[in-house]
Amino acid sequence: MLKPFDHYEIHGCQQIDDCGNPDKCGSYVETCPDAEAMFWTLYGHIPDEGVLAIGDYISREAAEEMFFRITGRVFREQPA
């Protein structure tokens with residue numbers, strides 16, 4: 001059964017190339033401050049399961065626009 005998202009998050013992200021070991025060369029994505037971001041990811045939180053990446057966007061504004069299109073609400077950061 002599909003569970004609805006109960007919360008959304010937007011994080012700045014960087015793609016990190018990790019080729020220090022040629023046998024395990026690859027890349028991964030890591031969250032970062034907006035000032036260092038290469039792109040922004042919109043995540044939906046699934047109760048008791050964690051987060052699921054909904055999409056990657058060229059700007060925070062584009063990620064917030066997608067949030068608005070999904071929910072009909074303006075994105076507001078949740079206090080930590």
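Put simply, CD on E65 and CD1 on I70 are 10.5 Å apart, with the number rounded to the nearest 0.5 Å. Summarising the geometry, atom CZ belonging to F75 is positioned 4.0 Å from atom CD1 belonging to I10; distances are rounded to the nearest 0.5 Å.
Listed by chain and residue number, Y8 satisfy the ring-ring contact (aromatic ring centres under 6.0 Å, His included) test with F5 (two or more places apart in sequence, or in another chain). Q15 meets the side chain to side chain donor-acceptor pair (under 3.5 Å) test with S27; sequence neighbours excluded. Here T31 pairs with nothing under the side chain to side chain donor-acceptor pair (under 3.5 Å) rule; sequence neighbours left out.
Identified under the ring pair (Phe, Tyr, Trp, His ring centres under 6.0 Å) test for residues 31-52, with sequence neighbours left out: H11-Y43. Sequence neighbours left out, the pairs with a member in residues 33-49 that pass salt bridge (charged side-chain N to carboxylate O under 4.0 Å, His left out) are K3-E49, D34-R60.
Summarising the geometry of P4 relative to P47, their closest heavy-atom pair is O-CD, 3.4 Å, with the distance given to 0.1 Å. Looking at every heavy atom in both residues, G12 comes nearest to A37 through CA-CB, 3.7 Å.
F67 is connected to L52 through a chain of hydrophobic side-chain contacts under 4.5 Å among Ile, Leu, Val, Met, Phe, Trp and Tyr, so both are in one cluster.
Annotation for I16: hydrophobic cluster partners, listed by chain and number, are Y28 (ILVMFWY side-chain heavy atoms under 4.5 Å, direct or chained).
Shown are T41, V51, L42; of these, the side-chain contact (heavy atoms from CB on, under 4.5 Å) with E9 is made only by V51.
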